[in-house]
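Hydrogens, waters and symmetry mates are skipped; everything else that's a heavy atom, side chains included, is used.
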Amino acid sequence: IIDKIEKLRSELSQYNYEYHVLDNPSVPDTEYDMLLHELIRLEEQYPELVTADSPTQRIGGQAIDLFEKVVHTYPMLSLGNAFNEGDLKDFDQRVKQDVDQISYVCELKIDGLAVSLHYENGMFIKGATRGDGSVGEDITHNLKTIKAIPLKLSEPVTMEVRGEAFMPKASFEKVNEQREKNGEELFANPRNAAAGSLRQLDPKIVAKRDLSFFVYGIPNAEEFSIQKHSEALDYLQKLGFKTNTFRKTCNSIDEVIEYIENWKEKRPTLPYEIDGIVIKVDEYSTQKKLGTTAKVPRWAIAFKFPA
Ligand SMILES: COc1nc2nc(N)nc(N)c2nc1C
C-alpha cells in the first residue's frame with residue numbers, strides 16, 4: 001500500500017509543479033482532483049504514512065488562534081524608489097563610484113507581499129510576513145496552501161529564501177465576484193486581497209484564494225558560494241521554485257531604461273499586477289561594497305510605475 005501512496009504522491013507533486021510553477025500542465029484538473037481524492041482516502045486509512053510534503057498538506061489544516069512572531073535572521077529591507085530617468089541615472093552614478101563595469105538584473109516588481117520561507121534539508125518548515133522588517137508573523141499554515149511554494153526542494157538544502165506572494169488578476173476577479181454574491185465588502189485590488197488572505201487564521205479559506213508566489217532571492221547567497229544574483233535565481237529555479245521568467249540582465253542603465261519602457265507598455269497584458277521594476281546590481285561582491293542603509297540596499301532600486 002505504501003508503494004501506491006508514494007506513487008500517487010510523486011505523480012501529484014509533478015502535476016502540481018507543471019501547473020503552478022511551470023504554468024504548463026500535462027493533465028486536466030479533473031485527473032489531478034481524482035488522484036488527490038484517492039490519496040486523501042488512503043492517508044485517512046493509514047495516517048501514519050502521511051508526510052509533510054504530501055500534496056494533501058496543501059488543503060489547509062486546523063485554524064490557529066493567533067500568529068506567532070518570527071524574528072528575521074536577516075532584516076527584510078524595503079527598496080528605494082526611482083520615478084523617472086533622472087533618478088535611474090543618479091542611481092547608476094552612485095553605484096559606479098566604486099566600480100566602472102556594472103551589470104544589473106531587472107525584475108518585474110510583483111504587487112503582492114514579501115514573505116520569507118525557511119527550508120531544512122529541503123523541507124518547507126516555516127514562512128513569515130515581512131512585518132516591520134525585523135519581526136514578522138508566522139503564516140506557515142497559510143503559505144503551505146500556495147501551490148507555487150514547494151513543500152520539498154529538489155535538493156536537501158537548508159536555506160532561507162525571499163519572494164512575493166500575490167493574487168493573480170483572474171483569482172482577484174473570482175474572489176470579488178464571490179464576495180459580491182455574499183454581500184461582503186470587495187477587495188480594492190489584488191495586493192489587498194493577497195494581504196487579507198494571508199492574514200486569515202483559517203488556512204482552508206486561504207486554500208480557496210488561488211494565491212501564487214515568485215521567489216526573488218536568497219538573503220545570504222554568498223554562503224552558498226554563489227557569485228551573482230542571476231546565478232541565485234537560476235539555482236532557485238533548479239530547486240523547484242517559481243521564478244519570474246521576464247527577468248533580464250542589463251549591461252548599462254540605458255538598457256535598463258529600455259526594459260522599463262517595454263514593460264510599461266506590456267504591463268496590462270500580464271496575468272498579475274506589477275507596481276514597477278526592480279533593478280539590482282548582479283555581482284554580490286559589488287553589492288557588498290555598496291552595502292545597505294538602515295532601511296534599503298544601496299545596490300538596488302525600484303522604478304515605480306504611475307499608479
Ligand atoms: C532585494 O530586496 C527586494 N527585492 C525584490 N525583488 C523583486 N523582484 N520584487 C520585490 N518586491 C523585491 N523587494 C525587495 C525588498
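Using a 3.5 Å distance cut-off with no hydrogens or angles, the side chains of Q93 and D90 do not pair a donor with an acceptor. Counted by atom type alone, S285 and Q227 present zero donor-acceptor pairs between their side chains at under 3.5 Å. For the residue pair T51 / D53, a side-chain donor-acceptor distance below 3.5 Å is found, with atom types taken as modelled. Inspection of the R247 and T243 side chains reveals an N or O donor paired with an N or O acceptor under 3.5 Å. No side-chain N or O of Q287 forms a donor-acceptor pair with one of E283 less than 3.5 Å apart. In this model, no donor atom of one side chain and acceptor atom of the other lie less than 3.5 Å apart for D282 and Y104.
Using a 30° and 60° split on the angle between ring planes, Y284 and H229 fall in the perpendicular class, above 60°. The aromatic rings of Y119 and F124 sit tilted, their planes meeting at an angle between 30° and 60°.
A heavy-atom distance below 4.5 Å is found between the side chains of V281 and V95. Residues L201 and D65 fail the side-chain proximity criterion, which asks for heavy atoms closer than 4.5 Å. R130 has its side chain out of reach of S116: every pair of non-hydrogen atoms, C-beta onward, lies at least 4.5 Å apart. The shortest side-chain heavy-atom distance between Y19 and N24 does not fall under the 4.5 Å cut-off.
Under the 4.5 Å side-chain heavy-atom criterion for Ile, Leu, Val, Met, Phe, Trp and Tyr, V157 and V21 are members of distinct hydrophobic clusters. Following chains of ILVMFWY side-chain contacts shorter than 4.5 Å, one cannot reach L117 starting from M123, and the two form parts of different hydrophobic clusters. Hydrophobic cluster membership differs between I139 and L66, with clusters built from Ile, Leu, Val, Met, Phe, Trp and Tyr side chains linked at under 4.5 angstrom. Y259 is connected to I301 through a chain of hydrophobic side-chain contacts under 4.5 Å among Ile, Leu, Val, Met, Phe, Trp and Tyr, so both are in one cluster. Linking ILVMFWY side-chain heavy atoms closer than 4.5 Å, directly or via other members, places V161 and L153 in a single hydrophobic cluster.
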Checklist line | From CA spacing to verdict: salt bridge (charged side-chain N to carboxylate O under 4.0 Å, His left out), E273, R267 | finding: CA-CA 8 Å; E273 287 199 352; R267 190 176 169 196; over 6 Å; no
Next item on the list: Using the side chain to side chain donor-acceptor pair (under 3.5 Å) rule, take E120 and T158 through it: C-alpha gap first, then chi angles, then the decisive distance, then the call.
Entry: CA-CA 4 Å; E120 217 161 76; T158 295; over 6 Å; no
Note to self: I'd like to know whether E173 forms a salt bridge (charged side-chain N to carboxylate O under 4.0 Å, His left out) with K169, so could you lay out the CA-CA distance, the side-chain angles of the two residues, the decisive distance to 0.1 Å, and finally the verdict.
What the structure shows: CA-CA 6 Å; E173 303 305 332; K169 289 175 183 170; over 6 Å; no
Check: When you look at V105 and I279, which way does the side chain to side chain contact (heavy atoms under 4.5 Å, CB included) test go after all the steps?
Finding: CA-CA 6 Å; V105 178; I279 300 111; over 6 Å; no
Notebook entry, point to check: Going through the checks in order, is the side chain to side chain contact (heavy atoms under 4.5 Å, CB included) test met by I2 and Y46?
Noted result: CA-CA 9 Å; I2 188 154; Y46 303 92; over 6 Å; no
Check: Are Y216 and L236 close enough, and set up right, to give a side chain to side chain contact (heavy atoms under 4.5 Å, CB included), and what steps lead you there?
Finding: CA-CA 9 Å; Y216 62 61; L236 289 167; over 6 Å; no
Checklist line | Intermediate values then yes/no, side chain to side chain donor-acceptor pair (under 3.5 Å), Q178 and N182 | finding: CA-CA 6 Å; Q178 191 55 50; N182 302 352; 3.2 Å; yes
Notebook entry, point to check: Passes side chain to side chain contact (heavy atoms under 4.5 Å, CB included), M159 versus E223? Steps please.
Noted result: CA-CA 10 Å; M159 75 164 34; E223 287 173 32; over 6 Å; no
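The NZ atom of K7 sits 8.0 Å away from the CG atom of L35 when rounded to the nearest 0.5 Å. Here the NZ-OG distance, from K280 to S103, works out to 13.5 Å after rounding to the nearest 0.5 Å. Atoms OG1 and CD1, on T56 and I40 in that order, are 7.0 Å from each other to the nearest 0.5 Å. For the atom pair L151 CG and I125 CD1, the distance stands at 13.0 Å (nearest 0.5 Å). The distance from the CG atom of L36 to the CZ atom of R41 is 12.0 Å, given to the nearest 0.5 Å. A distance of 9.0 Å separates OG1 of T129 from CG of L198, quoted to the nearest 0.5 Å.
When atom types are taken as modelled, the side chain of K242 and the backbone of H20 share a donor-acceptor pair closer than 3.5 angstrom. With hydrogens and angles disregarded, no donor-acceptor distance shorter than 3.5 Å links the side chain of E43 to the backbone of L39. In this structure, the side chain of E164 engages the main chain of G112 through a donor-acceptor pair within 3.5 Å. With hydrogens and angles disregarded, no donor-acceptor distance shorter than 3.5 Å links the side chain of S54 to the backbone of Q57. Using modelled atom types, no side-chain atom of S230 and backbone atom of T249 make a donor-acceptor pair closer than 3.5 Å. Within the 3.5 Å criterion, the main-chain N or O of M167 finds no donor-acceptor partner in the side chain of S171.
The salt bridge (Lys or Arg N to Asp or Glu O under 4.0 Å) pairs that include a residue from residues 197-213 are K174-D210, where partners are two or more places apart or lie in different chains.
Atom CD of Q101 has more than 12 neighbouring heavy atoms from other residues, nucleotides or ligands inside a 6.0 Å radius. In the displayed structure, Q45 atom CD is contacted under 6.0 Å by more than 12 heavy atoms of other residues, nucleotides or ligands. In this structure, E68 places its CD atom where only 12 or fewer heavy-atom neighbours from other residues, nucleotides or ligands lie under 6.0 Å away. The 12-atom threshold is not exceeded at CD of E180, counting heavy atoms of other residues, nucleotides or ligands nearer than 6.0 Å. Counting non-hydrogen atoms of neighbouring residues, nucleotides and ligands closer than 6.0 angstrom, the CD atom of E261 exceeds 12 such neighbours.
T140 and D138 get closest at one heavy-atom pair: OG1-OD1, 2.6 Å. Closest of all the heavy-atom pairs between V135 and H72 is N-CD2, 4.0 Å. Shortest non-hydrogen contact noted between A128 and L143 is N-CD1, 4.0 Å. Closest of all the heavy-atom pairs between V256 and C250 is CG2-CB, 3.7 Å. The shortest non-hydrogen separation linking L108 to F246 is CD1-CD1, 3.6 Å. Minimum interatomic distance between L79 and K109 (heavy atoms only, all atoms of both residues): CD1-CE, 4.1 Å.
Just one of D111, D87, D275 meets the salt bridge (Lys or Arg N to Asp or Glu O under 4.0 Å) condition when paired with K304; it is D275.
F166 and F213 have their aromatic ring centers separated by at least 6.0 angstrom.
Salt-bridge formation is not detected for the pair K248/E107: no Lys NZ or Arg NE/NH1/NH2 atom is positioned less than 4.0 Å from an Asp or Glu carboxylate oxygen. Using a 4.0 Å cut-off between charged nitrogen and carboxylate oxygen, R9 and E11 do not count as a salt-bridge pair.
Both tests pass for R179 against the ring of F187: distance under 6.0 Å to the centre and angle within 45° of the axis.
Evaluation of the side chain to side chain donor-acceptor pair (under 3.5 Å) rule for Y272 yields N244 as partners, not counting sequence neighbours.
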